[in-house]
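Below is one structure, written out as structure tokens; the observations come after it.
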Amino acid sequence: MRLFFAVTPPDHVRAKIAHWQQLWSKSVHNVKWVKEENLHLTLKFLGEVVPTQLDQVVSAARSALVGHPAFTLVVSGTGVFPHLRRARVLWLGLKDDAGQLARLQQYLDRSLSNLGFPSENKPFAPHLTLGRLRQPSEVTRPVFPAENLVLPVNRIILYESILKSHGPLYKPLATFKLQ
């Protein structure tokens, strides 16, 4: 099982983001855009996990997230990885001024590292992947008109990523409600 933890934006936020993808697609070509229903903010990618370990993963996440308050993030612009001249990934940035998302991610990361899942080596950079370029190329970052769009974070979902020929299918396995 290929697993990851994520925040999934509500439908109205995903619809707005999908609209922004359409706007960006007019100036950037040869992109495999993330489908609207698959838009998410990854908190922790576990990779391949044996099914017998699923209960331990859920338990570790539950203990890491218990008592964590719900909060909001704000869309803060666009960006690319690794850089504008050879872009591979197009993303939408998220502001976490109070550091709540970063703390939540650290708690989750620490709890899962006790099960043998490696901790992240680089600082957590909250973003929503919008698309991946098939060939690295130079791009221009657009400025979207409603960058103050609010993303509520009131639950974390453990997903199984099932790879299909038409793209990934994300199957929710467990939901952790924030308070």
Side-chain angles (χ1 to χ4, degrees), residues 1-62 64-65 73 75 78-82 86-94 101 104-105 108-109 112-113 115-122 124-137 139 142 144 149 151-177:
M1 306 171 73
R2 192 169 183 254
L3 305 181
F4 67 95
F5 287 90
V7 174
T8 302
D11 292 344
H12 74 279
V13 173
R14 284 194 312 231
K16 178 62 101 174
I17 294 169
H19 174 70
W20 291 342
Q21 286 175 308
Q22 290 175 344
L23 293 176
W24 206 352
S25 72
K26 292 176 183 174
S27 63
V28 180
H29 306 287
N30 205 18
V31 176
K32 182 169 176 32
W33 296 99
V34 175
K35 293 178 183 175
E36 182 176 337
E37 64 271 15
N38 285 349
L39 289 166
H40 67 275
L41 163 61
T42 301
L43 291 173
K44 176 76 176 167
F45 181 75
L46 301 179
E48 289 298 326
V49 176
V50 292
T52 56
Q53 204 174 15
L54 182 59
D55 288 340
Q56 290 177 314
V57 167
V58 169
S59 179
R62 188 165 286 117
L65 301 172
L73 300 170
V75 170
T78 58
V80 303
F81 293 135
R86 286 191 51 82
R88 296 282 305 169
V89 175
L90 311 174
W91 52 261
L92 194 60
L94 299 163
L101 182 67
L104 186 143
Q105 192 277 335
L108 191 58
D109 193 48
L112 292 163
S113 71
L115 295 178
F117 297 100
S119 290
E120 296 297 323
N121 298 348
K122 51 190 172 189
F124 181 61
H127 68 278
L128 291 162
T129 297
L130 299 178
R132 291 174 178 79
L133 282 88
R134 291 181 173 92
Q135 295 293 322
S137 61
V139 299
F144 294 128
L149 183 68
L151 171 63
V153 180
N154 51 25
R155 64 190 173 128
I156 306 303
I157 301 175
L158 172 62
Y159 285 101
E160 178 181 9
S161 175
I162 303 166
L163 301 178
K164 302 278 188 179
S165 59
H166 55 78
L169 171 68
Y170 299 147
K171 177 181 169 187
L173 299 179
T175 300
F176 307 89
K177 293 188 181 189

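What you see is a predicted model, and the numbers here were worked out from it, not measured in a lab.
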My understanding is that only residues two or more places apart in sequence, or in another chain, count here; which of them pass salt bridge (Lys or Arg N to Asp or Glu O under 4.0 Å) with Asp11? Arg14
Hey, does the side chain of Glu160 reach the backbone of Lys171 with a donor-acceptor pair shorter than 3.5 angstrom? no
To the nearest 0.5 Å, atom CG of Leu90 lies from atom OG1 of Thr78 at 8.5 Å
Looking at every non-hydrogen atom in both residues, tell me the closest pair between Phe5 and Leu112 and how far apart they are. CE1-CD1, 3.5 Å
Under the rule for side chain to side chain donor-acceptor pair (under 3.5 Å), what residues qualify as partners of Tyr159, not counting sequence neighbours? Thr8
I would like to know whether Val75 and Leu151 meet side-chain contact (heavy atoms from CB on, under 4.5 Å); could you show each step before the answer? CA-CA 7 Å; Val75 170; Leu151 171 63; 5.6 Å; no
Can Leu92 and Leu39 be said to form a side-chain contact (heavy atoms from CB on, under 4.5 Å), step by step? CA-CA 11 Å; Leu92 194 60; Leu39 289 166; over 6 Å; no
Check whether any side-chain heavy atom of Leu133 sits under 4.5 Å from a side-chain heavy atom of Val80, and report yes or no. no
Is it the case that more than 12 heavy atoms not belonging to Arg88 sit under 6.0 Å from its CZ atom? yes
Taking only residues two or more places apart in sequence or in another chain, which ones pass side-chain contact (heavy atoms from CB on, under 4.5 Å) with His166? Lys35, Lys164
Can you tell me how far apart CZ (Phe117) and CG (Leu3) are? Round to the nearest 0.5 Å. 7.5 Å
What's the spacing between Ile17 CD1 and His12 NE2 if we round to 0.5 Å? 9.5 Å
Heavy-atom pair of closest approach, residues Glu36 and Ala15: OE2-CA, 3.4 Å
Identify every side-chain donor-acceptor pair in residues 49-60 under 3.5 Å, counting partners at least two apart or on other chains, and give the distances.
none

Go through it in stages, so that I can follow the logic: the residues are Val153 and Leu41, the test is side-chain contact (heavy atoms from CB on, under 4.5 Å), and I'd like the CA-CA distance, side-chain angles, deciding distance and then a yes or no. CA-CA 10 Å; Val153 180; Leu41 163 61; 5.6 Å; no
Qualifying residues under side-chain contact (heavy atoms from CB on, under 4.5 Å), relative to Pro168, sequence neighbours excluded: Asn38, Ser161, Leu163, Tyr170
Residue set satisfying ring-ring contact (aromatic ring centres under 6.0 Å, His included) with Phe81, at least two apart, ordered chain then number -> Trp91, His127
With sequence neighbours excluded, tell me which residues meet salt bridge (Lys or Arg N to Asp or Glu O under 4.0 Å) with Glu120. Lys44
Counting only heavy atoms not in Arg86, do more than 12 sit closer than 6.0 Å to its CZ atom? no
Are the side chains of Leu149 and Trp20 in contact, using a 4.5 Å heavy-atom criterion? yes
side-chain contact (heavy atoms from CB on, under 4.5 Å) between Val7 and Leu73, intermediate numbers included: CA-CA 11 Å; Val7 174; Leu73 300 170; 5.9 Å; no
List, one per line, each side-chain donor-acceptor pair under 3.5 Å for residues 21-32, sequence neighbours excluded.
unit_1 : atom_1 : unit_2 : atom_2 : d
Gln21  : NE2    : Val34  : O      : 3.0
Gln21  : NE2    : Leu130 : O      : 2.7
Trp24  : NE1    : Thr140 : O      : 3.2
Ser25  : OG     : Gln22  : O      : 2.7
Ser27  : OG     : Trp24  : O      : 3.3

